[in-house]
Peer 1: 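One structure coming up, written as structure tokens, with questions to follow.
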Amino acid sequence: MAEFFNHNSLLLILSAAWVIFTGYLLRSDGPGKRLPTLVVVTLALAALYYALSPRDTSGELPTQIEDQIGQGTPVLLEFKSPN
């Protein structure tokens with residue numbers, strides 16, 4: 001269970017923020033007046049999730065990485081488990 005929260009913490013936080021903000025908007029003036037604001041907030045949260053979610057960057061071959069090491073430029077190597 002802890003692994004689920006660890007891997008999906010950003011999604012859970014954004015979902016909770018969306019639910020709280022939606023509840024506030026719908027309670028304050030009704031759904032008709034605040035719908036454009038709700039759409040903008042939803043799109044902003046989706047863009048934030050997309051921008052901050054990790055991506056697979058294992059496209060480089062090991063020989064390309066070895067060529068970069070020792071050339072005077074810092075190289076960041078990140079090792080992850082396959083799951």
Peer 1: Are Val19 and Leu11 co-members of a hydrophobic cluster defined by side-chain heavy atoms under 4.5 Å apart?
Peer 2: yes
Peer 1: Pairs under 3.5 angstrom only: tabulate donor-acceptor contacts from the side chains of residues 38-46 to other protein residues two or more places apart or in another chain.
Peer 2:
residue, atom, partner, partner atom, Å
Thr42, OG1, Trp18, NE1, 2.7
Thr42, OG1, Leu38, O, 2.7

Peer 1: From Thr37 OG1 over to Tyr24 OH, what is the distance, rounded to the nearest 0.5 angstrom?
Peer 2: 10.5 Å
Peer 1: Roughly how far apart are Tyr49 OH and Leu10 CG, rounded to 0.5 Å?
Peer 2: 6.5 Å
